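Residue numbers count from 1 along this sequence. What you see is a predicted model, and the numbers here were worked out from it, not measured in a lab.
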Amino acid sequence: MLSPSRSEFTEIRRRLHDYLHAELIPFEKDKSLGYEDQLPKEAVRGIWKRSRELGLYGLQLPRELGGRGLSVSELCVLKDDVASSGAILFPHVLGDWGGPSRIGNLIKYATPYQIERYITPCIRGEKGACFAMTEAGSGSDAASIKTRAIREGDEYVITGRKHYITASAFADFAIVMCVTDPEKGAEGISAVLVDLDRPGVTLSYDYLPMTGQHVDADIDMQSVRVPAANLIGTEGSGFKIAMDRVNVNRLLHCPTMIGLARQAYRMAVDYAHHRQQFGGPISRFQAIQHMLADMATALYACESMVLNAALAADEGRDVRKEASMCKLFVSERCFEIADKAMQIHGNVGVTKNHPVEFIFRRLRLYRIVTGTSEIQRNTIAKEILKRD
């Protein structure tokens, strides 16, 4: 899979910048959109398709599927760019909410039928996807899921409930992790494509995360019949497919956190220059200077750490430990950056839906999603203590 040349990548970054600042942000301002506002599905699809037209949607995909074959490290740079831009709808631009990022590494397992019906429409921005593994009783213990799929002739009959599924609000289908052989534990878990308009499928929006963003839902499936051809890979390979996705996904969350923290940092620097107290800008106070110095240092450490892990992933190395280290360190340091930015802004920073206040809430959430900090420590310790 060929990555773009340096000049190509520079052009992609320029095009992305132009779209964000010349089109998307003005669109948000024209519509008076806030962080907690809902957009109709068709409006969301409009962003997907425009991003696709500009060659920005699904850049990490192989060229034969319409992508640019971006490496993990290059994708990290772009995810930082979009998150730090200040655009409210930035997760839709590169396909994080319902787009190619949701289908992850499924392409190498997908059949021609699955590529035609699910993968290609998702790549084109015509359909949205979500990854449905989490359940209320399992959380990070993915091997203990209860959703059951029973083979009946040429169909699977699926019953179960998936909880807090990201991007389900924009999705047309889900990659559902379900038990096909309860006697085999993790090796009895399979991945099945489920259209969300199938009889027996219900989405419920009974909760809202602290960000106030309408992104997540529960997916309830009661005797839902899907073609056996919707099985991804083979029966029992679902857990491996899920873990392969989760490891890289943990790493790819990190540049989004860094981008959000970078935006908060830039705003804090600007505010420190302009906020007047006791006859001059607050930037002259050593207490403010030290907070800014700590923020800049943490950003540098986070960026360097993620780039190093991304380069290792590009070399084909197993980055399970490094991805968990990044998720742990970056989520906690970036939250601290947002906290300091809020402190520097004072009462302005704690005002509901001010950018710094929203970033603070969003970065707090990242210490939970795709595995809590405690789960990351478990993974890291397991890898450290593992013996050949």
Heavy atoms, side chains only, cut-off 4.5 Å: are [X] and [Y] in contact?
X	Y	answer
Val226	Val192	yes
Ser324	Arg250	yes
Arg262	Ile258	yes
Leu61	Ile107	yes
Leu24	Tyr19	yes
Leu193	Ile175	yes

- Task: Just grab all the side-chain hydrogen bond (donor to acceptor under 3.5 Å, both in side chains) pairs involving residues 276-285, residues at least two apart or on different chains.
- Result: none
Relative to the ring of [Y], is the ring of [X] parallel (under 30°), tilted (30 to 60°) or perpendicular (over 60°)?
X	Y	value
Tyr271	His345	parallel
His92	Trp48	tilted
Tyr118	Tyr113	perpendicular

- Can you check whether His290 and Phe285 have ring centres sitting under 6.0 Å from each other? no
- Aromatic ring centroids of Tyr205 and His214 under 6.0 Å? no
Ion pair [X]/[Y], N-O distance below 4.0 Å:
X	Y	answer
Asp96	Lys79	yes
Asp270	Arg266	no
Lys49	Glu53	no
Lys327	Glu374	no
Arg225	Glu152	yes
Asp218	Lys162	no

Would you say [Y] and [X] are linked by a side-chain donor-acceptor pair, where the criterion is simply a distance under 3.5 Å?
X	Y	result
Thr370	Asn249	no
Ser373	Gln376	no
Tyr164	Glu135	no
Ser204	Arg161	yes

- Query: To the nearest 0.5 Å, what is the distance between CD1 (Ile337) and CE (Met291)?
  - Reply: 13.5 Å
- Task: Using the salt bridge (charged side-chain N to carboxylate O under 4.0 Å, His left out) rule, take Arg361 and Glu36 through it: C-alpha gap first, then chi angles, then the decisive distance, then the call.
- Result: CA-CA 12 Å; Arg361 282 188 281 144; Glu36 300 179 16; 3.0 Å; yes
- Item | Cation over ring face, Arg6 and Phe9, 6.0 Å, 45° | no
- Query: Does the cation-pi check pass for Arg151 over Tyr156, that is, NZ or CZ under 6.0 Å from the six-membered ring centre and within 45° of its axis?
  - Reply: yes
Could you state whether [X] and [Y] fall into the same hydrophobic cluster, counting links through intermediate Ile, Leu, Val, Met, Phe, Trp or Tyr residues with side-chain heavy atoms under 4.5 angstrom apart?
X	Y	answer
Val179	Ile150	no
Met257	Ile380	no
Val82	Leu39	yes
Ile25	Val44	no

Backbone of [Y] reached by a side-chain donor or acceptor of [X] within 3.5 Å:
X	Y	answer
Glu383	Thr379	no
Arg15	Leu54	yes
Gln213	Arg362	no
Glu8	Ser5	yes
Thr180	Gly188	yes

- Item | ring-ring contact (aromatic ring centres under 6.0 Å, His included) assessment of His163 paired with Tyr207 | CA-CA 10 Å; His163 181 59; Tyr207 50 81; 5.3 Å; yes
- Message: Go through it in stages, so that I can follow the logic: the residues are Asp314 and Ser73, the test is side-chain hydrogen bond (donor to acceptor under 3.5 Å, both in side chains), and I'd like the CA-CA distance, side-chain angles, deciding distance and then a yes or no.
- Response: CA-CA 7 Å; Asp314 289 334; Ser73 52; 2.7 Å; yes
